[in-house]
Amino acid sequence: MRGSCWLNRRIEQRFRLLAISTVKSAKIKLLLFCCVALTLLAFSSTGSSFLLWNNTNQTPQIPSFTDSRHLMLLESPFLDDLSKLTYPGIREKGKQQNLGKGYSIVMNTWKRYDLLKQSIKHYSSCPRLESVHIVWSEPNPPSESLLKYLHHVVKSKSRDGRYVKLRFDINTEDSLNNRFKEIKDLETDAVFSIDDDVIFPCSSVEFAFDVWQSAPDAMVGFVPRVHWVDSLNGDSNKFRYGGWWSVWWTGTYSMVLSKAAFFHKKYFSLYTNEMPSSIREFVTKNRNCEDIAMSFLVANATGAPPLWVKGKIYEIGSTGISSLGGHSERRSDCVNIFTSVYGRMPLVYTSVKAVDSRNVWFW
């Protein structure tokens, strides 16, 4: 009897231990489940703040995109009434938009033939590229060997009956304004302005083109910059130019550089024919700030900020003028001189960034 009672107590103790461990396991699983649920809830409730926020205190308006691609964008207060734009005639030019077609690349180059070859070889494979226009400002025309190579590359990249047109726009004067001269045989409304030493994956370029189609009067680019009031001098009418680290620190920008940006071809005509000539003369004389001049032009015409598209940039050339001493000071001078010419500061701040959600894990 005593042995059987001892056995029963042992069995009862084992059942109690088993029940306790089961309850503990269930509690741990329940706790883990609650943690995961709360995490997902937090991401879903704060997602909108990552998708869209700006410092212009405008009411968000989600744009309608041209296809079903996953665009994680963002509102931007672009003017719907083109009659409000500063320059006369811009409304008539914008009536018949050719947004359904592809885009044209306008590439600035200067005696860097290896980089030019590499860039043309890369971009010729981008799906919706219609044509490439090379801005040539060298004293001598392009060599036969260069022409032969580039035409061969473009032809070799053609597929399914698609053929990218290649054009050299020859200029007799060496000026940075040449990159914004009006191109008579440009068949697309969309222009992707790019330097010969900058490479972006075609997927990034195509995504930026989709973003531009949602706001075709804006500059849509990969390289943001900012300006701010020069508070050190105590003058609210003086400004300073801020580079990438200023954008990164503040989360705000007011320009996208034309070294990698989409814009409408109508701005070529405005830049050459209607922008104050003193600005073009300044750019030619100082060999700098044509990109800032274009940002001023578009902002003055639209009253709206540009759009920054997140993209991986590969700089295949050596460092340019931005690495030289006094670069920021010279760029600040450009901002102040252009502001004086316009009689006001046309640049508009924003914090909007377009991100391709297909290529990111977390928003």
Side-chain angles (χ1 to χ4, degrees), residues 71 73-74 76 78 99 102-109 119 122-123 126 128-135 176-183 186 188-227 241 243-244 247 253-271 275 283 288-302 304-315 320 322 331 334 346-348 350 352-356:
L71 305 179
L73 184 77
L74 14 204
S76 191
F78 298 108
L99 305 183
Y103 56 90
S104 300
I105 282 180
V106 176
M107 184 176 294
N108 197 47
T109 187
S119 293
H122 167 72
Y123 288 114
C126 294
R128 287 180 286 176
L129 177 64
E130 296 281 342
S131 62
V132 176
H133 294 257
I134 300 173
V135 180
L176 290 177
N177 292 313
N178 291 339
R179 71 181 306 163
F180 299 137
K181 277 188 174 180
E182 189 172 8
I183 302 175
L186 198 58
T188 65
D189 285 340
V191 173
F192 184 46
S193 174
I194 190 78
D195 284 352
D196 60 1
D197 61 346
V198 179
I199 295 289
F200 288 91
C202 283
S203 58
S204 296
V205 177
E206 297 287 310
F207 173 71
F209 178 50
D210 288 332
V211 175
W212 176 84
Q213 286 181 304
S214 73
D217 290 321
M219 283 190 74
V220 176
F222 294 98
V223 187
R225 294 294 184 264
V226 69
H227 76 284
Y241 173 88
W244 161 246
V247 175
Y253 64 99
S254 56
M255 296 172 273
V256 291
L257 300 187
S258 57
K259 66 183 294 182
F262 276 95
F263 51 81
H264 198 285
K265 68 177 182 180
K266 63 189 173 187
Y267 293 121
F268 283 152
S269 175
L270 293 179
Y271 188 99
M275 187 179 73
V283 168
N288 202 341
C289 298
E290 85 286 355
D291 48 0
I292 297 178
M294 178 57 84
S295 290
F296 267 69
L297 173 86
V298 177
N300 188 63
T302 63
L307 272 172
W308 170 24
V309 177
K310 182 179 179 181
K312 180 65 176 178
I313 182 172
Y314 299 91
E315 306 230 18
S322 60
R331 303 280 278 184
C334 294
L347 298 177
V348 181
T350 184
V352 172
K353 179 170 69 173
V355 180
D356 190 345

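What you see is a predicted model, and the numbers here were worked out from it, not measured in a lab.
In this structure, the separation between OH on Tyr271 and CZ on Phe268 is 10.5 Å, given to the nearest 0.5 Å. Here CG of Asn300 is found 9.5 Å from CG of Leu347. Values are rounded to the nearest 0.5 Å. In this structure, OG on Ser269 lies 12.0 Å from CE on Met275, to the nearest 0.5 angstrom. Between atom OG of residue Ser131 and atom CD1 of residue Ile105 there is a gap of 9.0 Å, rounded to the nearest 0.5 Å. To the nearest 0.5 Å, the span separating SG on Cys289 from CZ on Phe296 amounts to 9.5 Å. Here the straight-line distance linking atom OG of Ser104 with atom NZ of Lys265 works out to 8.0 Å at 0.5 Å rounding.
The two residues Gly311 and Ser204 come nearest to each other via the heavy atoms CA-OG, 4.3 Å. Nearest heavy-atom pair across Met219 and Ala261 is CE-CB, 4.0 Å. Taking all atoms of both residues into account, the shortest heavy-atom contact from Pro346 to Ala299 is O-CB, 3.5 Å. Pairing each heavy atom of Pro306 with each of Val256, the nearest pair is CB-CG2, 3.8 Å. For the residue pair Asp217 and Thr302, the shortest heavy atom distance occurs at O-CG2, 3.4 Å.
Not counting sequence neighbours, the partners of Asp291 by the side-chain contact (heavy atoms from CB on, under 4.5 Å) test are Leu257, Ser258, Arg331. For Lys310, the side-chain contact (heavy atoms from CB on, under 4.5 Å) criterion is met by Lys353, Val355, not counting sequence neighbours. By the side-chain contact (heavy atoms from CB on, under 4.5 Å) test, Ser119 pairs with Met107, Tyr123, Ile199, Ile316, sequence neighbours left out.
At least one side-chain heavy atom of Leu270 sits less than 4.5 Å from a side-chain heavy atom of Leu297. With a 4.5 Å cut-off on side-chain heavy atoms, Trp212 and Val191 do not count as touching. For the pair Cys202/His122, a side-chain contact is recorded, criterion being any heavy-atom separation below 4.5 Å from C-beta on.
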Practice task
Determine, stepwise, if the pair Phe192 / Phe263 fulfils ring pair (Phe, Tyr, Trp, His ring centres under 6.0 Å).
Solution key: CA-CA 7 Å; Phe192 184 46; Phe263 51 81; 9.4 Å; no

Problem - Stepwise side chain to side chain contact (heavy atoms under 4.5 Å, CB included) check, Arg179 with Asp195 - result: CA-CA 10 Å; Arg179 71 181 306 163; Asp195 284 352; 2.9 Å; yes

Practice task
Dump the intermediate steps for side chain to side chain contact (heavy atoms under 4.5 Å, CB included) on Val211 and Leu307, then the final yes or no.
Solution key: CA-CA 8 Å; Val211 175; Leu307 272 172; 3.9 Å; yes

Exercise for the section: Evaluate the side chain to side chain contact (heavy atoms under 4.5 Å, CB included) criterion for residues Met255 and Ile292: first the C-alpha distance (whole Å), next the side-chain angles of each, then the deciding distance (0.1 Å), finally the verdict. Expected result: CA-CA 8 Å; Met255 296 172 273; Ile292 297 178; 4.2 Å; yes

Handout entry: Verdict with supporting geometry, Ile313 and Val198, side chain to side chain contact (heavy atoms under 4.5 Å, CB included)
Key = CA-CA 7 Å; Ile313 182 172; Val198 179; 3.7 Å; yes

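Checking side-chain atoms of Tyr253 against main-chain N and O of Trp308 turns up a donor-acceptor pair under 3.5 Å. Distance alone, capped at 3.5 Å, is enough to place a donor-acceptor pair between the Glu206 side chain and the Arg128 backbone. At least one donor-acceptor pair closer than 3.5 Å links the side chain of Ser254 to the backbone N or O of His227.
Taking a cutoff of 4.0 Å between a charged side-chain nitrogen and a carboxylate oxygen, Glu182 and Lys266 do not qualify as a salt bridge. A salt bridge is absent between Asp196 and Lys259; no separation between the charged side-chain nitrogens and carboxylate oxygens falls under 4.0 Å.
With ring centers used as reference points, Phe200 lies under 6.0 Å from Phe222. The distance between the ring centers of Phe262 and Tyr103 falls below 6.0 angstrom.
Between His264 and Tyr267, the ring planes lie perpendicular to each other; the angle is over 60°, past the 30° to 60° tilted range.
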